[in-house]
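First the structure, in the form of structure tokens, and then the observations on it.
Worth knowing before you read on, the calculation uses all heavy atoms, side chains too, and leaves out hydrogens, waters and symmetry mates. Residue numbers run from 1 in the order of the sequence given. Remember, it's 1-based here, ligands and their atoms both numbered in the order they're listed.
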Amino acid sequence: MGVAHPVIELTGVSKSYGDVTALASADLVVHRGEMLAVVGPSGSGKSTMLNIMGTLDRPSSGTVRIDGHAVAELNDRELSALRAGTIGFVFQQFHLAAGVPALDSVADGLLYSGRPRRERRQVAERALRRVGLGHRLFHEPQQLSGGEKQRVAIARAVVGDPPLLLADEPTGALDSRSGTVVMELLHELHGAGTTVVVITHDRDIAASLPREVRVRDGRIEHDSTTGSALAELTAEGVAR
Ligand code: ADP
Ligand code: MG
């Protein structure tokens, strides 16, 4: 743990499923405190890349470093610990268990922490207040709107204060107003220091983020950060 190394470092990462190449030789470095969009057509490899960054899946080749740890060198227990302490996940379909009150869903995000149940619930309540759901603590998913469900899922993702938040189409199942609220929340978390990666189909959302990485056919075809860095170098070269 430290600040010198990138939060995410993918080097030559490829992933194949049988004869399908979902991701081909991806290189990506994300530094602490960044917020970026990953965009691209359906089937281009975005979720594959996010799952590999999140250590939910292993690459077929290449190396993945998360918060300085070479993922391939970790055993299952170390990997679970890294994931639990470092990464929060948000998915398009919320993934909240039916019949479970918001407070318990969020408190479950701390199961790995070893903290007692009472304390987990106190911290969970704070996280729900942080996302504006202090009045919905005991609501179950079927009693919540889509936007509220996604806010519960975000509270669960950040309840342990992970430095990295990975969101796969977090507004994909929401109406535009709820989507806006969810994006505001992600911006707020970013403002508070969390590194945030957002997969999105929404051009406006992508354009509103500080960095945009475009994926097509399993390849990173454009990265606004390295792209502009290259452009500056070229401009400098021309100026000389
Ligand atoms: P995206 O998130 O950009 O829509 P994905 O990363 O989900 O794309 O998928 C990239 C490609 O890999 C697609 O062609 C998809 O069909 C394939 N793929 C993804 N996951 C699997 C899997 N578990 N088994 C087989 N093929 C997969
Ligand atoms: Mg996807």
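- Checked by atom type and distance alone, the side chain of D27 pairs as donor or acceptor with a backbone atom of G12 at under 3.5 Å.
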Hey, mind stepping through R121 and E125 against salt bridge (Lys or Arg N to Asp or Glu O under 4.0 Å) and telling me if it holds? CA-CA 6 Å; R121 288 168 65 91; E125 181 175 339; over 6 Å; no
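- A salt bridge is absent between D223 and R214; no separation between the charged side-chain nitrogens and carboxylate oxygens falls under 4.0 Å.
- For the residue pair S224 and R211, no side-chain donor N or O sits within less than 3.5 Å of a side-chain acceptor on the partner.
- Between the side chain of R83 and the backbone N or O of T55 there is at least one donor-acceptor pair closer than 3.5 Å.
- Listed by chain and residue number, the protein contacts of ligand 1 are Y17, V20, A22, P41, S42, G43, S44, G45, K46, S47, T48 (heavy atom within 4.0 angstrom).
- Take the Mg ion (ligand 2) and draw a sphere of radius 2.8 Å; the protein N/O/S atoms inside it number 1.
- Taking the six-membered ring where tryptophan is involved, the planes of F91 and H95 are perpendicular, since the angle between them exceeds 60° and thus also 30°.
- One finds a salt bridge joining D57 and K15 here, because a Lys/Arg side-chain nitrogen approaches an Asp/Glu carboxylate oxygen to under 4.0 Å.
- Taking 4.0 Å as the cut-off between side-chain N and carboxylate O, D67 and R32 count as a salt-bridged pair.
- Contact check for S14 versus T21: no side-chain heavy atoms found under the 4.5 Å cut-off.
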